[in-house]
Structures are given as structure tokens and as C-alpha cells.
Amino acid sequence: MFHRSRPYDRAACLAAAQKAVAKGRLKRAIAEYGRVLEQTPDDFKVRGKLAPLQAKRKMLDRAWTNFNAATQGYERDGFLEKALSVCRQAAHSLPDHPGPWEGLADLHLQLHHQADAVTALREGATHFRSRSTRYTGIRLLETAHRIDPEDCDTTLELSRSLARAGRRQEAVAILDRFAGGQEGLPMRRARFLLFRLRPTPVRAWHWIRAALEGRDSR
């Protein structure tokens with residue numbers, strides 16, 4: 001006898017998916033949500049439910065596609081906080097993908113949360129420190145530095161990352177600009193790193209003078 005597929009019933013598929021998730025049957029849940037999306041591919045809310053299940057099943061590219069679609073759907077409808085929540089879930093589920101971190105930064109900027117955007121990019125960069133991924137980490141840090149060039153932690157981490165990647169001249173230029181406009185601890189930290197990256201007599205003197213000024217101010 002030929003097997004007859006059951007007729008499509010959206011409510012039944014969603015209920016079956018939720019029941020499967022509750023029982024830990026992720027493959028079944030993914031299949032049920034997939035049936036819904038075959039009929040309504042623009043349903044970004046269902047995509048948002050499907051994405052974390054795919055991430056758990058190591059279907060990473062598909063998971064990011066669906067996380068991104070859900071984020072954009074909520075953003076398009078004006079629900080930025082909900083979009084931010086989905087994007088945070090994506091970053092938690094797919095920390096080794098740059099997309100969620102860049103998406104978080106963009107959403108934070110739309111909400112006028114500049115410091116949170118910088119923090120998200122810096123956190124994302126920590127997942128891209130290997131030789132094969134460090135250029136992605138540098139890109140995230142460069143974006144953070146453009147958002148807030150006065151942020152000390154971002155400037156120092158970007159400079160270190162550039163130096164490790166053989167781009168020492170760029171690192172030194174960034175630190176020179178930063179140190180020239182700072183005072184106190186940020187200036188001392190920048191001067192110290194400058195001396196470590198390019199230990200010239202002039203930079204040694206700048207570092208020593210900054211250290212002495214810091215001691216005198218205590």
C-alpha cells in the first residue's frame with residue numbers, strides 16, 4: 001500500500017513541534033516547523049522557534065539563516081527589543097558566527113545604546129582569536145573602535161590583535177592617536193603598550209613620565 005502523507009494542518013504541526021521539543025525530540029520538532037515553513041516561508045516567528053533547535057543539532061548555517069530572518073522580521077515590524085532578544089539568543093547559540101554579534105551592535109545603535117554595541121562587538125571578538133579566525137575578530141574590534149574611538153579597552157585590544165596579525169604599524173598609529181588625547185590610567189595603559197610594541201627611547205620616556213604622573217596623583 002502507498003503511504004499517504006497527512007494533510008497539512010498548521011495548528012496541529014505547531015502543537016506537534018512544541019510537544020516534540022518538550023520531549024527532547026528535536027529532529028521531529030524541526031520537521032514539524034519545516035512543514036509550516038513550506039506553506040508559509042515568510043513566517044519569521046516560526047523561523048525564530050526553529051533556529052535554536054537547528055543550532056542544537058549543529059545545523060549551523062541553517063540556524064543562522066533562520067535567526068537572521070526572525071531578527072529582521074521583528075525589526076521590520078518595529079519590535080526592536082524583540083529583535084534584540086532573538087539576536088542575543090543567536091549569539092548564545094552560535095558564538096563562533098560573526099553575524100549575531102554584528103546584528104546585536106546594529107540593533108543597540110538603533111536603540112541609542114552605544115556602549116552596549118561596543119560591548120557586544122568586543123565580546124564577539126573574543127571568539128575569534130585563533131590564527132584562522134583572528135581577522136574576523138579584528139573586523140569586529142575595528143567596528144567597535146569606529147563607534148567609540150575613546151573606549152580604552154577596545155583600543156588596546158584592537159592594537160594587540162593588529163600586532164599579533166603582523167600589522168604593528170597600524171597598531172602603533174592607533175595607540176599614538178589615542179594616547180595623545182587621554183590622561184590618567186587610559187593614557188598610561190596606552191603608553192605602556194606603545195613601548196611594548198615599539199620600544200624606542202622616546203616611548204620609554206613617555207611611559208616612564210606617565211607612570212610617574214600616575215604615582216604622584218595618588
Side-chain angles (χ1 to χ4, degrees), residues 14 17-18 21 26 29-30 33-34 36-38 40-162 164-165 167 170 174:
L14 292 175
Q18 292 172 359
V21 170
L26 301 187
I30 289 170
Y33 283 134
V36 175
L37 290 174
E38 285 177 1
T40 54
D42 294 332
D43 192 331
F44 62 85
K45 294 181 181 180
V46 170
R47 290 188 181 276
K49 294 178 180 179
L50 174 59
L53 306 181
Q54 291 175 319
K56 289 180 180 179
R57 293 279 298 180
K58 304 302 180 183
M59 303 163 68
L60 304 184
D61 289 337
R62 294 183 185 180
W64 169 238
T65 295
N66 286 314
F67 270 128
N68 193 38
T71 300
Q72 291 183 355
Y74 284 114
E75 181 181 358
R76 186 171 55 248
D77 284 1
F79 297 103
L80 293 184
E81 291 290 353
K82 182 61 178 178
L84 193 63
S85 176
V86 173
C87 210
R88 284 197 189 100
Q89 188 178 23
H92 177 75
S93 299
L94 305 169
D96 297 330
H97 195 297
W101 304 108
E102 292 168 328
L104 275 175
D106 179 66
L107 288 165
H108 278 307
L109 289 176
Q110 290 187 58
L111 291 165
H112 308 291
H113 302 162
Q114 177 176 299
D116 290 333
V118 170
T119 298
L121 291 164
R122 278 215 322 266
E123 182 181 351
T126 64
H127 298 278
F128 303 95
R129 288 177 171 169
S130 69
R131 185 179 295 272
S132 61
T133 65
R134 63 187 177 193
Y135 290 105
T136 299
I138 288 172
R139 188 181 79 227
L140 295 177
L141 290 170
E142 286 175 331
T143 302
H145 186 65
R146 284 194 297 272
I147 294 170
D148 186 1
E150 301 303 312
D151 185 85
C152 183
D153 289 332
T154 300
T155 301
L156 296 181
E157 187 56 37
L158 173 59
S159 299
R160 293 189 192 98
S161 297
L162 288 169
R164 286 193 292 267
R167 297 163 61 180
E170 292 177 62
I174 289 171

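Quick note: numbers below take in every heavy atom, side chains included, and nothing from hydrogens, waters or symmetry partners.
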Taken in chain and number order and not counting sequence neighbours, the residues that satisfy side chain to side chain donor-acceptor pair (under 3.5 Å) with T119 are none

Sorted by chain and number, sequence neighbours left out, side chain to side chain donor-acceptor pair (under 3.5 Å) with E150 holds for Q182

Next on the checklist: Test your reading of the model: is there a side-chain donor-acceptor pair from R122 to the backbone of L140, 3.5 Å cut-off?
Outcome noted: no

Residues pairing under side chain to side chain donor-acceptor pair (under 3.5 Å) where one sits in residues 85-103, two or more places apart or in two chains, turn out to be E102-R139

Quick note, side chain to side chain donor-acceptor pair (under 3.5 Å) partners involving residues 126-136, not counting sequence neighbours, are S130-S132, S130-T133

Show me the side-chain donor-acceptor pairs of residues 49-65 shorter than 3.5 Å, one per line, residues at least two apart or across chains.
residue: Q54; atom: OE1; partner: N66; partner atom: ND2; Å: 2.7
residue: T65; atom: OG1; partner: D61; partner atom: O; Å: 3.1

Original post:
Are any non-hydrogen side-chain atoms of D151 and H145 less than 4.5 angstrom apart?
Top reply: no

*Hey, does L84 have a side-chain heavy atom less than 4.5 Å from the side chain of E81?*
yes

Straight-line distance of [X] [atom1] to [Y] [atom2], nearest 0.5 Å:
| X | Y | atom1 | atom2 | value |
| --- | --- | --- | --- | --- |
| E75 | L107 | CD | CG | 5.0 Å |
| C87 | L80 | SG | CG | 11.5 Å |
| E157 | C152 | CD | SG | 11.5 Å |

In chain order, what residues pass the side-chain contact (heavy atoms from CB on, under 4.5 Å) check against [X], with sequence neighbours excluded?
| X | result |
| --- | --- |
| T40 | R10, V36, D43 |
| F44 | Y74, R76, D77 |
| A144 | V118, L121, T154 |

For L104 and A120, the nearest pair of non-hydrogen atoms, with its separation, is CB-CB, 4.0 Å

Scanning both residues in full, the closest heavy-atom pair of V86 with A70 reads CG1-CB, 4.0 Å

Across all chains, not counting sequence neighbours, the salt bridge (charged side-chain N to carboxylate O under 4.0 Å, His left out) partners of D106 are none

Those residues at least two apart in sequence (or on a different chain) that pass salt bridge (charged side-chain N to carboxylate O under 4.0 Å, His left out) with E123 are none

Contacts of F128 meeting ring-ring contact (aromatic ring centres under 6.0 Å, His included) (sequence neighbours excluded), chain-then-number -> none

